[in-house]
Amino acid sequence: MTRGVLDTGSVRASTVSESYDLRRRRASLLGPLAHPGGIAVGVCSLVLQGVHGAPVDVVPEVAVPKARPRAAAGLVRVRRILVTAPIEVDGILCAPLRDSLALAVPGLSRLDAVAMIDSAWHQGLVDERGLAVARGRATGRRGARMSWAWWEDSDHRAESPAETWARITCLDLGCPPDAVQLWVVGRGWRARVDLAWVLPDGTLVIVEVDGAEVHTRPDALFEDRRRQNLLDTRRTLVRRFSGGEARSGRLAAEVRSMLQSAGWRRRPVPEGAVFDIERAELIPKPWV
């Protein structure tokens, strides 16, 4: 891969999603391996710490102790930044998560940046105060001014990058969801849906963003069918999209067309409310 680093090819991906993850990790590990004692920074550090949402093609980046100058090794970019308190992840030194976000976000696209912020926040790797600190530390970096508002677009409820892409593209088209991760309850069952909008007549529009591989397993298909049969009633509209459709904006365009036809006006769902599918209305959460 570069001088002193050989990829044995012994790890094989069994799915397309796994192959993308392997590409990300492969690139993220390259810097510390090519520069012994080096510290993974930026997107590479976030990938190694389990943050999702990075672009498939990650630029290998590393910092060296005390920010000493060092020539790049092949594909690896050497950053002259001081990492004062590196952490160890599986034997690899990484920059702390806040510093990694501060370096990564200004250099990413908006969808990738918000997806990575969402993932770190959702997993509890950083809290709201930590995000404020990271945002402040990004000040002065190239791209920081353009990306300043992206931090405010983040939402800790997003459970996958695809959900982030769906929410952000809908926001950009003027139809942000009224609810994210909304509980829908029925007689003896409950289900949480990815995104939801409330139409003027009380109908609930439900959008689910599916991961292709997870939802093509026989057991997953059976559960999805049972769940959709419960959710699909006279007072609900259920639409399902792929992650690719969420990222491309197709999901947002179709949702906007549907909402405009129904005369939708934004009606954010109150915190803690759920949708009772039997009564077809929002009610306070019926359980503790």
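Here the closest non-hydrogen pair linking Leu173 and Ala253 is CD1-N, 3.6 Å. Taking every heavy atom of both residues into account, Ala134 and Arg98 meet most closely at CB-O, 3.5 Å. Counting all heavy atoms, side chain and backbone alike, Trp165 lies closest to Ala115 at NE1-CB, 4.0 Å. Scanning both residues, Ser154 and Ile117, for their nearest heavy atoms gives CB-CG2, 3.5 Å. The two residues Ala144 and Pro106 have their closest heavy-atom pair at N-CB, 3.7 Å.
Arg240 has no carboxylate O lying under 4.0 Å from a charged side-chain N of Asp194, or vice versa, which leaves the two without a salt bridge. Ion pairing of Arg239 with Glu245 is absent here, as no side-chain N (NZ or NE/NH1/NH2) approaches a carboxylate O to less than 4.0 Å. With respect to the salt-bridge test (charged N to carboxylate O, under 4.0 angstrom), the residues Arg250 and Glu254 qualify.
In this structure, the side chain of Asp118 engages the main chain of Asp155 through a donor-acceptor pair within 3.5 Å. Using modelled atom types, one side-chain atom of Ser160 and one backbone atom of Glu163 make a donor-acceptor pair closer than 3.5 Å. Counting only distance, with no hydrogens or angles, the side chain of Ser119 and the backbone of His52 share a donor-acceptor pair below 3.5 Å. Ser45 contributes no side-chain N or O that, together with a main-chain N or O of Gly42, makes up a donor-acceptor pair within less than 3.5 Å.
Interatomic distance, CD of Glu208 versus CG of Leu231, reported as 7.0 Å (0.5 Å rounding). Between the CZ atom in Arg135 and the CG atom in Leu101 there is a gap of 13.0 Å [rounded to 0.5 Å]. With rounding to the nearest 0.5 angstrom, the CZ atom of Arg110 is 5.0 Å from the CD1 atom of Ile168.
Screening His156, Arg157, Arg192 against Gln181 for a side-chain hydrogen bond (donor to acceptor under 3.5 Å, both in side chains) leaves a single residue, Arg192. Between Leu30 and the options Asp7, Val76, Val59, Val62, a side chain to side chain contact (heavy atoms under 4.5 Å, CB included) holds for only Val76.
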